[in-house]
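Below: the structure, in structure tokens.
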Number of protein chains: 2
Amino acid sequence: MKKTSPAKKRSPGRPRGFDRQAALETAMKTFWAHGYETTSISDLSRAMGINAPAIYSAFGDKKQLFLEAMRLYQGDPQDQAEGIAGAPSSRDAAAMVMGNAIRTFTGKDTPKGCLIGTGLATGSPAAADVRAEGNAMRDKLEALLVRRIERDKTEGILPPDIDAGTLAALVNCTVQGFSTLARDGASAAKLHAVADLVLAGWPEE
Amino acid sequence: MKKTSPAKKRSPGRPRGFDRQAALETAMKTFWAHGYETTSISDLSRAMGINAPAIYSAFGDKKQLFLEAMRLYQGDPQDQAEGIAGAPSSRDAAAMVMGNAIRTFTGKDTPKGCLIGTGLATGSPAAADVRAEGNAMRDKLEALLVRRIERDKTEGILPPDIDAGTLAALVNCTVQGFSTLARDGASAAKLHAVADLVLAGWPEE
DNA sequence: TCTTTTTCATAATGATCGCTCGTAAATATC
DNA sequence: GATATTTACGAGCGATCATTATGAAAAAGA
């Protein structure tokens, strides 16, 4: 009898003895807690519950594992782009971005702060390319905000003389600051109060 | 004939073949560029131009060397305290703190960003005590700002209903964000524009 | 000159780094 | 059951980690 549902077919060979996605999630949290270069393969092996060779066969090497963990961390890049572009105003977009950051940085079941901001804050020249990936993500966020702010200007929601780059940098700066404050133990409530202060100074027509 | 000026007397033994202060400064910049745990003794030895045993005899171990570099980096803590306490207003104090941060984080002859914010952003549990030192410095800054803001409230310069903790956290948050932005390549001018935006939203009576 | 004191450079310590080899085990296909 | 394929796991690779033992070299004081 043929299987009615074309479920996942099993390829030949010994089946993997662990859940790849769960292991990736554990790796993400481990990197998140201790940084990219300062997390060792043996740290990861212990946390993920699998031996080092299993990590390499499933994820490549340490760099690829981190990059994959980074993609899991940031979620779908299109969601971010659409969230900012689709916000009613740049002010709403800024509020959303900061709110999301606060939620991520003060999660109960995850390390405090930003995986990318803290885990890639610095390091050896050998990891410069990985740091550049994190840098690119922050630049991307700022660019999306700039575009949203410019649109507000052309639509008359914001005065035309304000500097979109500065305003976007303010939001980016605040988010990055949240990462450090959260790691220092600041509560979500405190960060929300700071975000409200930033939004209170948001320019108006 | 007695020496008229009680200059530095030379103690017996072979004299040190390097300038301790200059070596410390080089160590500071090396840590600043590559982080505490991700800078190796051999990195430091190469940069400082002295062999590893000379580092250990002159500075103790890696942790003590970093802590001494951190003290050189921050300067006299009393200067900061007096600068904030002695500012005409909390707004002036915030402007000064942010301005100093921008100058330090975008210096021409030093690495970008904050030695403490980036070099101690994360790491292994073995270095948790060193990170706690950096954490304490940020807390100290915020506490000084809180005190200055509270004084403005009692003196009627600021309305009594504003939250000093939130306002101080905003400044601290902005400064920490500056570190990441500077490391990402932001210019001093751009950071000053952001600082002006923060100050523009500063509450008034 | 001789002793004492301190610094020098070479070389080595055991531990850990990221990573891989080799072999046994577990599955699908023939 | 035989074969092919994939994974698990112990062991080990060379390199680097922070740190130190060793002994020659360079100064002061006797």
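FYI, side chains are in, hydrogens and waters are out, and symmetry mates aren't considered; it's all heavy atoms of this structure. Below, chains carry the letters A, B, ... as their sequence lines are ordered, and counting in each starts from 1.
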In whole angstroms, how far is the [atom2] atom of [N] from the [atom1] atom of [X]?
X	N	atom1	atom2	answer
A:Ile55	C:dT20	CD1	C1'	13 Å
B:Phe59	D:dA18	CZ	P	16 Å
A:Leu65	C:dC19	CG	C1'	14 Å

The side chain of [X] lies closest to which of these nucleotides: [options]?
X	options	value
A:Phe18	D:dA8, C:dT20, C:dT27	D:dA8
A:Lys62	C:dA26, C:dC8, C:dG18	C:dG18
A:Arg14	C:dG18, D:dT7, D:dT20	D:dT7
A:Arg16	C:dT6, D:dA8, D:dG10	D:dA8

Counting only side-chain N and O atoms of B:Tyr56, is one of them less than 4.0 Å from OP1 or OP2 of D:dT19?
yes
Test item: A:Cys114 and A:Tyr73 side chains (from C-beta on) under 4.5 Å apart, heavy atoms:
yes
Would you jot down, in residue-number order, the residues of residues 34-52 of chain B having a non-hydrogen atom under 4.0 Å from DNA chain D?
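By residue number: B:Thr39, B:Ser40, B:Ile41, B:Ser42, B:Ala52.
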Within the distance-only criterion (no hydrogens, no angle test), does the side chain of B:Arg138 pair as donor or acceptor with the backbone N or O of B:Asn172 below 3.5 angstrom?
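Side chain of B:Arg138 to backbone of B:Asn172, a donor-acceptor pair under 3.5 Å: no, none is there.
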Show the nearest heavy-atom pair for residues B:Val146 and B:Gly165, with the distance to one decimal.
CG2-CA, 4.0 Å
Taking any heavy-atom pair under 4.0 Å as a contact, classify B:Pro15: base, sugar-phosphate, or nothing.
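It contacts sugar-phosphate atoms only.
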In plain terms, say whether A:Arg71 and A:Glu133 are close enough for a salt bridge, that is, a side-chain N and a carboxylate O under 4.0 Å apart.
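Salt bridge: no.
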So does A:Glu150 pair up with A:Lys153, basic N to acidic O under 4.0 Å?
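Here A:Glu150 pairs with A:Lys153 in a salt bridge, since their nearest N and O are under 4.0 Å apart.
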Can you check side chain to side chain contact (heavy atoms under 4.5 Å, CB included) on A:Leu67 and A:Met70, steps first, answer last?
CA-CA 5 Å; A:Leu67 291 175; A:Met70 216 166 82; 4.3 Å; yes
